[in-house]
2 protein chains.
Amino acid sequence: MDTKSLIIDIATKLFQQKGYKGVGLTEIIKACDISKGSLYHHFPNGKEELLIACLQYLNEEITNDIVDIFNRYPTTQEATNAMISKLIDNFEMEGTLIGYTFSSMVSEMASLSDPVRNACAKLYTEMQTIYYHKLVADGFSNDEASSTALMVTASIEGGMLLCLTQKRAEPLQVISQVLPKILETRRFKTSE
Amino acid sequence: MDTKSLIIDIATKLFQQKGYKGVGLTEIIKACDISKGSLYHHFPNGKEELLIACLQYLNEEITNDIVDIFNRYPTTQEATNAMISKLIDNFEMEGTLIGYTFSSMVSEMASLSDPVRNACAKLYTEMQTIYYHKLVADGFSNDEASSTALMVTASIEGGMLLCLTQKRAEPLQVISQVLPKILETRRFKTSE
DNA sequence: TGTTAAGAACAGACCGGTTGGTATAGTGGA
DNA sequence: TCCACTATACCAACCGGTCTGTTCTTAACA
């Protein structure tokens, strides 16, 4: 693997674990076993440029992953369950949740750097777009699909936060159980 | 207001906006217009002790606030809507979302400091407990109430994250519209 | 094929500034 | 007088970033 990809790969994980300010350049170059000169050769504009590169990399990784899962299952509900299962497995194996989240970067940098904020927004949008199309295919109306996709994104993101604080996977499991309530195509109206 | 409370009050907001590592002690003492000696008199163990004090303060503030809202509305659904409305108003007025969130601290510190992680976990638990009791009063079974309370917490937390990245309040509005799907006491079974 | 030039890739010393934290002196009210 | 409280000066460690210099790769040319 070339140096630049190596840097992005390792820095991504570090940023996800400790946040932007939580990781120093020294830590990154040590983990990569490279020199500072090398890092600044590949990322002349320094740390923030590296972060954005990491977010773009993450975007592709996550998007591909989700598309893959969503192609393997017929309904959004099944696909979502599979996706969450994968997150949980990862969490229980690795100990940390570095799956589809980058919340630390969002809340840290959203108010400070517009480029970073936009990179994060793009990632969330693409995730929601995947959900949206599947939901439309499930028979949801465009409006319903759109708001449901947002709800799925938010609840999973929030669920990951809860898992991190509790150091256990249960919150995501619960969410996976509750999500069908909003994912199932209604066959009967319940009220009104 | 005494110095200690002043420090906690201001530091809390700064931590929420910029995260733990994102705020320096210098910034805090300048915002409080106090000296470093004063800060270390009240928090001899330094920054992390201050953070935990902030989280505890936040816990009380948020809990009281939510309890208050939940007492004013008959059902969880109405109370939740009111709560989200308040969040959105705050967001649109202040420009930042410093309401019921501290996600930056969670994802930053969860893997680094157990005391901080536990303080965050406690806060989430208390929020869920409030929701839980209201849901039971609404007629939910204990199990359903428990998982629904978690879902509400997660989706609101995730919704705030989405609002921050997009710099607009729409995600929380959508969530407020979707939440009834899991909050309404079912009058008819929809499938099975 | 051997020589050389160019530039990409890398190394590491170094910079000013800031960090969290400490030590000590001073202040004002009981 | 006492002591909770505050102010000031200071520290080593670290931060992101810049610098100069070296090595490696590649391509052009005779």
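Here is how names work: the chains are called A, B, and so on, in the same order as the sequence lines, proteins then strands, and each is numbered from 1. What you see is a predicted model, and the numbers here were worked out from it, not measured in a lab.
Placement of I8(A) and I62(A) within a single hydrophobic cluster is found when ILVMFWY residues are connected by side-chain heavy-atom separations under 4.5 Å, directly or transitively.
At whole-Å resolution of the value, CG in L50(A) and C1' in dG16(D) are 12 Å apart. Between the NZ atom of K30(A) and the P atom of dA11(C) there is a distance of 15 Å, given to the nearest Å. One atom, CG of L39(A), and another, P of dT18(D), lie 12 Å apart when rounded to the nearest Å. Regarding D33(B), its CG atom lies at a distance of 11 Å from the P atom of dT8(D), rounded to whole Å. Atom-to-atom, CG of L6(B) to P of dC5(D) comes out at 14 Å; the value is rounded to the nearest Å. The nearest whole Å value for the distance from the CG atom in L112(A) to the P atom in dG16(D) is 15 Å. Taking atom CD of residue E49(A) and atom P of nucleotide dT18(D), one finds them 11 Å apart after rounding to whole Å. Straight-line distance from the CG atom of N45(A) to the P atom of dG17(D): 9 Å, rounded to whole Å.
In this structure, T12(B) has no side-chain hydrogen bond (donor to acceptor under 3.5 Å, both in side chains) partners at least two apart in sequence or on a different chain. In this structure, N118(A) has no side-chain hydrogen bond (donor to acceptor under 3.5 Å, both in side chains) partners at least two apart in sequence or on a different chain. Scored by the side-chain hydrogen bond (donor to acceptor under 3.5 Å, both in side chains) test, D9(A) finds Y57(A) as partners (sequence neighbours excluded). N59(A) pairs by the side-chain contact (heavy atoms from CB on, under 4.5 Å) definition with T63(A), K122(A), L123(A), E126(A), not counting sequence neighbours. Remark: F91(A) engages no residue in a ring pair (Phe, Tyr, Trp, His ring centres under 6.0 Å) (not counting sequence neighbours).
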In residues 145-170 of chain A, what donor-acceptor pairs under 3.5 Å come from side-chain atoms, sequence neighbours left out?
from, atom 1, to, atom 2, distance (Å)
S147(A), OG, D143(A), O, 3.3
S147(A), OG, E144(A), O, 3.2
T148(A), OG1, E144(A), O, 2.6
T153(A), OG1, A149(A), O, 2.8
S155(A), OG, M151(A), O, 2.9
S155(A), OG, V152(A), O, 3.1
E157(A), OE2, T101(A), OG1, 2.6
E157(A), OE2, Y124(A), OH, 3.2
T165(A), OG1, L162(A), O, 2.8
Q166(A), OE1, R168(A), NE, 3.2
Q166(A), OE1, R168(A), NH2, 3.1
K167(A), NZ, D114(B), OD1, 3.4
R168(A), NH1, E170(A), OE1, 3.2
R168(A), NH2, E170(A), OE1, 3.0

Name every donor-acceptor pair, under 3.5 Å, that has one atom in a side chain of residues 20-37 of chain B and the other anywhere in the protein, sequence neighbours excluded.
from, atom 1, to, atom 2, distance (Å)
Y20(B), OH, E48(B), N, 3.2
E27(B), OE2, K18(B), NZ, 2.6
S35(B), OG, S38(B), N, 3.3

If the sugar-phosphate is the primed atoms plus P, OP1 and OP2 and the base is the rest, what is the B/S/- string for nucleotides 20-25 of chain D, using protein heavy atoms under 4.0 Å?
-> ------
Strictly under 3.5 Å: I want the nitrogen or oxygen pairs between protein and nucleotides 17-20 of chain C, one per line.
from, atom 1, to, atom 2, distance (Å)
dT19(C), OP2, T26(B), OG1, 3.2
dG20(C), OP1, V23(B), O, 3.2
dG20(C), OP1, K47(B), NZ, 2.6
dG20(C), OP2, L25(B), N, 2.5
dG20(C), N7, K36(B), NZ, 3.2

Atom pairs, protein N/O to nucleotides 27-30 of chain C N/O, distance under 3.5 Å:
none

Tabulate atom names and distances for all N/O pairs under 3.5 angstrom spanning the protein and nucleotides 8-10 of chain C.
from, atom 1, to, atom 2, distance (Å)
dA9(C), OP2, H41(A), NE2, 2.6
dA9(C), O5', H41(A), NE2, 3.4
dC10(C), OP1, T3(A), OG1, 2.4
dC10(C), OP2, T3(A), OG1, 3.3
dC10(C), OP2, S38(A), OG, 3.4
dC10(C), OP2, H42(A), NE2, 2.6

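No donor-acceptor pair under 3.5 Å is formed between the side chain of D138(B) and the backbone N or O of T75(B). One N or O on the side chain of T129(A) and one on the backbone of T125(A) form a donor-acceptor pair closer than 3.5 Å.
Side-chain contact between I84(B) and Q173(B): absent, with no pair of heavy atoms (C-beta onward) separated by less than 4.5 Å. Proximity of I88(A) to S85(A): side-chain heavy atoms (C-beta onward) are nowhere separated by under 4.5 Å.
Every pair passing ring-ring contact (aromatic ring centres under 6.0 Å, His included) that includes a residue from residues 61-81 of chain B is listed here, sequence neighbours excluded: F70(B)-Y131(B).
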